[in-house]
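Taking it in order: structure first as structure tokens, then the write-up.
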Amino acid sequence: NCARALALPGGALGSEPCCDAMAQPPEPHWQVIVWGVRWFVVLVAANVALRSTAERTPSGRLARRVSGGVFNMQVWQYMLASFGQAIVQPLCWTTSVGWSGDLATWWFGAELNGAALQFLAFSAAYFAQDAVVCWSDNSALVILHHCASALAAYLLSRSDEWVGLLLTCAQCMEFGSLMLTCSDLGIVGRGLGLRALLVTSTLPVLVVLGGFFFSRPSAPQVWIICLGLLVGNLLRCQEARRFMREASPAHAAKSQ
């Protein structure tokens, strides 16, 4: 139709809206779905390869099961989470901040640039693939967490408010999870990992509550995400304090 319009007198002007519409990128939530599927395929393949390697070499490092930590999984099960939390998500978040023309607009607005979309797509894909590949190892609570987190990523891609704020909260929580993983793997001390978990679970709660004071959202999906974030992070704080009590010398002496 565009080519036919260009061939007619004055058709170029009439064809511009048509051609411009065809050139427009898909809606953000569709981009998250498409990129999420791509990330899902890559992550499933990588996780299956890691698990196969661990099964072929049961005495190797990947097959070793962590003990005395929080997650206490086999080492291979920590690899993809660490890759995302240490590289992909911080890179996407930093790039998203750098691309934003106005930080206030990015913080409370809907500037879903390419880096923000990749952050959401990767996050949703990671939680989905971990629920599938590690289904037998995950508890019902972990599966529920993964499903809720993937849903939150999709809902944020359909939001026109609070994009930067909620991305920052997610990045903060992922950093806490990374520190906990490093604690399980012996890279940092257990006390540091648990304190990082507590701090990075408390800060997003304060940020969300402060956000309601300065710019209350109107989008229903933002309210749903915030409710899940507040409940989930309060539970994370409770768990962090419980693990800190169990790791304290007084508790160790009492248990003996």
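Sequence positions, counted from 1, serve as the residue numbers for this chain.
If you take CE on M179 and CG on L197, they are separated by 10.5 Å, rounding to the nearest 0.5 Å. In this structure, SG in C182 is found 11.0 Å from OH in Y78, a value given to the nearest 0.5 Å. The distance from the CG atom of L206 to the OG atom of S201 is 11.0 Å, given to the nearest 0.5 Å. Remark: Q118 CD to R38 CZ distance equals 9.0 Å, nearest 0.5 Å. The CD atom of Q77 sits 11.5 Å away from the CG atom of D184 when rounded to the nearest 0.5 Å.
A distance-only check finds a donor-acceptor pair linking the side chain of E161 to the backbone of A219 [under 3.5 Å]. At least one donor-acceptor pair closer than 3.5 Å links the side chain of W223 to the backbone N or O of P217. Under a 3.5 Å cut-off, the side chain of Q221 and the backbone N or O of R158 do form a donor-acceptor pair. With hydrogens and angles ignored, the 3.5 Å screen pairs a side-chain donor or acceptor of N72 with a backbone N or O of G69.
Nearest heavy atom pair, residue A63 against residue T57, reads CB-O, 3.6 Å. Of all heavy-atom pairs spanning W35 and A121, the tightest one is CB-CB, 3.7 Å. The two residues S157 and P28 have their closest heavy-atom pair at O-CB, 3.6 Å. Contact record, L194 with A247: CD1-CB, 4.3 Å, taken as the closest heavy-atom pair. Between T200 and G176, the shortest heavy-atom distance links the atoms OG1-CA, 3.1 Å.
Residue I225 is grouped with residue L117 when hydrophobic side chains (ILVMFWY) are merged at heavy-atom distances under 4.5 angstrom, including chains of intermediate members. Note on L166: it does not cluster hydrophobically with V88, by side-chain heavy-atom contacts below 4.5 Å among ILVMFWY residues.
Side-chain contact between L165 and V208: present, with at least one pair of heavy atoms (C-beta onward) separated by less than 4.5 Å. At least one side-chain heavy atom of R236 sits under 4.5 Å from a side-chain heavy atom of S177. D130 places none of its side-chain heavy atoms less than 4.5 Å from the side chain of F127. In this structure, Q129 and L80 have side chains that are in contact, with non-hydrogen atoms separated by less than 4.5 Å. In this structure, the side chains of L141 and H145 stay at 4.5 Å or more apart for every pair of heavy atoms.
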